[in-house]
Trainee: 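Sending over a structure as structure tokens; questions will come in a sec.
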Amino acid sequence: PDFERAKIFMTKVMTMVWGMCTNCEFAIVQYGMDIRTELSLNESGNAQQALSKVQSIEQIYNYTKTASAINHVLEHIFVAENGSKPNTQKIIIVLTDGRIFLDPMT
């Protein structure tokens, strides 16, 4: 239930932001046993497809690699070759169960 609530929250945030900023872009990275980009900045141009992709995300279990996930965003999401634009604000919102677990970066 918590993971589904997180997806609903992400959908609401994206919809609200797009209501005020039509050129804003989103990326979603999920972290657990693996760290996986679920939605890239390049994929968020079509709002309906992006929101549909959010709803199809399946939870990764077992680990909580928060520090490694933030590092993944810095190295793989906020870079020009993956759609990040220069001179734009970058914001990270971290949703977590609050317990880093088995993260090699901590």
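All values below were derived from every heavy atom in this structure, side-chain atoms included, with hydrogens, water molecules and symmetry-related copies excluded. This structure is a prediction, so every number in the text was calculated from the model and none was measured.
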Trainee: Backbone N or O of Ser40 within a donor-acceptor pair of the Glu43 side chain at under 3.5 Å?
Mentor: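 A pair under 3.5 Å: yes.
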Trainee: Among all residues two or more places apart in sequence or in another chain, which pass the ring pair (Phe, Tyr, Trp, His ring centres under 6.0 Å) test with Tyr31?
Mentor: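 Counting only residues at least two positions away or on another chain, Tyr31 forms no ring pair (Phe, Tyr, Trp, His ring centres under 6.0 Å).
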Trainee: More than 12 non-hydrogen atoms from neighbouring residues, nucleotides or ligands closer than 6.0 Å to CD on Glu58, yes or no?
Mentor: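 Result for CD/Glu58: open.
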Trainee: Are Leu95 and Ile35 connected, step by step, through hydrophobic side chains (Ile, Leu, Val, Met, Phe, Trp, Tyr) whose heavy atoms are closer than 4.5 Å?
Mentor: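 No, it is not one cluster - the side chains of Leu95 and Ile35 are not joined through contacts under 4.5 Å.
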Trainee: Just by modelled atom types, is the Thr88 backbone N or O under 3.5 Å from a matching donor or acceptor in the Lys90 side chain?
Mentor: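 Flag set: sc Lys90 to bb Thr88 pair under 3.5 Å.
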Trainee: Please determine whether residues Val73 and Met105 belong to a single hydrophobic cluster, defined as Ile, Leu, Val, Met, Phe, Trp and Tyr linked transitively by side-chain heavy-atom distances below 4.5 Å.
Mentor: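 In one cluster: no.
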Trainee: Can you name the closest pair of heavy atoms from Asn82 and Leu41 and give their distance?
Mentor: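 Answer, listing the atom of Asn82 first, then Leu41: O-CB, 3.7 Å.
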Trainee: Indicate, with yes or no, if Ile93 and Leu51 share a hydrophobic cluster defined by side-chain heavy-atom contacts under 4.5 Å among Ile, Leu, Val, Met, Phe, Trp and Tyr.
Mentor: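 Per the 4.5 Å side-chain linkage, Leu51 and Ile93 are co-clustered.
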Trainee: So which heavy atom on Lys53 is nearest to which on Ser56, and how close?
Mentor: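 Looks like O-OG, 2.9 Å.
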Trainee: Taking all non-hydrogen atoms of both residues into account, name the closest pair between Val79 and Leu74 and its distance.
Mentor: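 Where Val79 meets Leu74 most closely, the heavy atoms are CG1-O, 3.9 Å.
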Trainee: On a heavy-atom basis, which atom in Glu81 and which in Asn42 lie closest, and how many Å separate them?
Mentor: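 Looks like O-ND2, 4.4 Å.
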Trainee: Please find the pair of heavy atoms, one from Met33 and one from Lys65, that lie closest to each other, and give the distance.
Mentor: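 Shortest heavy-atom contact: O-NZ, 2.9 Å.
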Trainee: Looking at CD1 of Ile77 and OG of Ser84, how far apart are the two atoms once the value is rounded to the nearest 0.5 Å?
Mentor: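 OG of Ser84 is found 9.5 Å from CD1 of Ile77.
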Trainee: Side chain to side chain contact (heavy atoms under 4.5 Å, CB included), that's the test. Do Val94 and Ile70 meet it? Break it down for me.
Mentor: CA-CA 8 Å; Val94 179; Ile70 292 170; 4.1 Å; yes
Trainee: Verify side chain to side chain contact (heavy atoms under 4.5 Å, CB included) between Gln59 and Gln30, making sure each step is shown before the conclusion.
Mentor: CA-CA 8 Å; Gln59 184 174 6; Gln30 183 182 178; 3.9 Å; yes
Trainee: Which heavy atom in Ser68 sits nearest to a heavy atom in Pro104, and how many Å separate them?
Mentor: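 Shortest heavy-atom contact: OG-CD, 3.9 Å.
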Trainee: Indicate, with yes or no, if Phe26 and Ile57 share a hydrophobic cluster defined by side-chain heavy-atom contacts under 4.5 Å among Ile, Leu, Val, Met, Phe, Trp and Tyr.
Mentor: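 As far as the 4.5 Å side-chain criterion goes, Phe26 and Ile57 are connected within one cluster.
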Trainee: Check the hydrophobic clustering (I, L, V, M, F, W, Y; side-chain heavy atoms under 4.5 Å; chains of links allowed) and say if Ile8 and Phe3 are grouped together.
Mentor: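 They do not share one cluster, since no chain of ILVMFWY contacts under 4.5 Å joins Ile8 to Phe3.
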Trainee: Just so I know, are the side chains of Glu38 and Val29 near enough to count as touching, which here means a heavy-atom distance under 4.5 Å?
Mentor: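 Answer no - side chains too far apart.
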Trainee: Output every pair passing salt bridge (charged side-chain N to carboxylate O under 4.0 Å, His left out) with a member in residues 95-106, not counting sequence neighbours, ordered by first then second residue.
Mentor: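 Sorted result for residues 95-106: Asp97-Arg99.
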Trainee: What verdict does the side chain to side chain contact (heavy atoms under 4.5 Å, CB included) test give for Asn62 and Phe101, after you've listed the backbone C-alpha separation in whole Å, the side-chain angles of each residue and the deciding distance to 0.1 Å?
Mentor: CA-CA 8 Å; Asn62 299 335; Phe101 183 66; over 6 Å; no
Trainee: Is there any side-chain hydrogen bond (donor to acceptor under 3.5 Å, both in side chains) pair reaching into residues 12-29, and which pairs are they, with sequence neighbours excluded?
Mentor: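 Qualifying pairs, neighbours excluded: Glu25-Lys85.
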Trainee: Run the side chain to side chain contact (heavy atoms under 4.5 Å, CB included) test on Phe78 and Ile92 for me, step by step, so that the C-alpha distance in whole Å, both residues' side-chain angles and the decisive distance to 0.1 Å come before the verdict.
Mentor: CA-CA 10 Å; Phe78 289 165; Ile92 297 176; 3.7 Å; yes
Trainee: Quick one: does any side-chain atom of Ser52 pair with a main-chain N or O of Gln48 as donor and acceptor, under 3.5 Å?
Mentor: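 No.
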